[in-house]
Structures are given as structure tokens and as C-alpha cells.
Amino acid sequence: MGEVAREKIFNASWLGRLCSASAGLGVVHGIAGEIGAYKSWHQGKVCGQLLLPFFDLLADSNNDPQQQLLHSLNHRLFPLAQQQFPAQHLTLWKMDNACSPFWQSDFTLSADEVTVLAQRSTNKNSLVDYSATQRATLVTQA
């Protein structure tokens, strides 16, 4: 790979990280980042495992702006589908279309590790301020 190509890849990566950090990544990344400080697990795999329990949490959310965004996302991804339950629809779609079963893993954490991770993790500018108990539930379900 040439020097110019390396520089372009570096710049794209840097801009992507800058945008993500500026926008706020949400509770999934807030938890995954903390897990990454304890374990040498791939962040993408950890985020993927947290995603399906997060969709379950979204399904039960009473936060109107969050529900509006969820319905909007579902409609943008699937404009012809009229889904009453977009969180469940997104979960099933992810499971049906994933290139690997990312939600299955042999990663384990002790109860004490889950407690510490839930307390140390952040919401990373999530629309909803998830409690340490909710974050622990996400980790345990993942």
C-alpha cells in the first residue's frame, strides 16, 4: 500500500472517530469501552453482543423522543414495512442477516466484574440516562 493510500485511510479513520466522539456513542459503547479496559475482547464483538439486549431495553422504553427515533430508524431502513414493534423487528432482522452469530459467545464475567463495569461505565451522551442497574442488566444479558 502506498504512502498516499495510508494517509487517506488514516484520515478517514481519524474523521470517523472524531465524529463519533463528538456525537456521543451511547450506552453500548460506554459499557464496551469499560469492558475493553478489563478484558482483551474485540470492541466490535462486545458492542454486537450488547446490541440485542439494548434493543430489548428500547422495546420497554417509555421515553417518547427515544421511541420516535427508533420508529424513524426502522422506517428509514424498512420504508415498506409497517412495524408496531421496531425494536423487535430490528433484533430479528439483525439475527437473520448477520454474517456470524455475534450474540453467541463464550466470554464470561463474574458477578463482581459486572457490578464494577456497570458502575464505571457511562452513557456516552445517550438520549436516556441509564442507571448502573440497567447497564448491569445489559452486560448480564449479553
Check A32 against L50 and note the closest heavy-atom contact, atom names and distance.
N-CD1, 4.0 Å

Counting only heavy atoms not in R6 (residues, nucleotides, ligands), do more than 12 fall under 6.0 Å from its CZ?
yes

Quick one: does any side-chain atom of S121 pair with a main-chain N or O of E34 as donor and acceptor, under 3.5 Å?
no

Does the Q67 side chain pair with the main chain of D64, one donor and one acceptor, at a distance under 3.5 Å?
no

Nearest 0.5 Å, please: how far is SG in C47 from NE2 in H42?
9.5 Å

Distance from F107 atom CZ to K39 atom NZ, nearest 0.5 Å?
10.5 Å

Calculate, to the nearest 0.5 Å, the distance between atoms CD and CG belonging to Q88 and L52 respectively.
12.0 Å

Between the main-chain N or O of A136 and the side-chain N or O of T140, is there a donor-acceptor pair closer than 3.5 Å?
yes

Students often mix this up, so state it plainly: with edges at 30° and 60°, are the rings of F78 and H89 parallel, tilted or perpendicular?
perpendicular

Please check if the side chain of T137 supplies one atom and the backbone of T133 the other of a donor-acceptor pair under 3.5 Å.
yes

Without swapping roles, check the side chain of T115 against the backbone of A111 for a donor-acceptor pair under 3.5 Å.
yes

Under 3.5 Å donor-acceptor, N123 side chain and Y130 backbone
yes

Could you check L90 against L77 for side-chain contact (heavy atoms from CB on, under 4.5 Å), going step by step and ending with a plain yes or no?
CA-CA 9 Å; L90 290 168; L77 292 173; 3.8 Å; yes

Y38 side, atom OH; R120 side, atom CZ - distance, nearest 0.5 Å:
4.0 Å

Please identify each residue that fulfils side chain to side chain contact (heavy atoms under 4.5 Å, CB included) with P79, with sequence neighbours left out.
H75

Expected list for residues 91-102: side-chain donor-acceptor pairs under 3.5 angstrom, two or more places apart:
residue : atom : partner : partner atom : Å
T91     : OG1  : A87     : O            : 3.0
N97     : ND2  : W93     : O            : 2.8

Exam field: side chain N63 to backbone Q66, donor-acceptor pair closer than 3.5 Å:
yes

Once rounded to the nearest 0.5 Å, what's the spacing between atom CG of D56 and atom CG of L138?
9.0 Å

Would you check if the side chain of S126 reaches a backbone N or O of D129 as a donor-acceptor pair within less than 3.5 Å?
no

Where do A118 and R135 come nearest, in terms of heavy atoms and distance?
O-NH2, 2.8 Å

Point-to-point distance, once rounded to the nearest 0.5 Å, from CD1 of I31 to NE2 of H29
11.5 Å

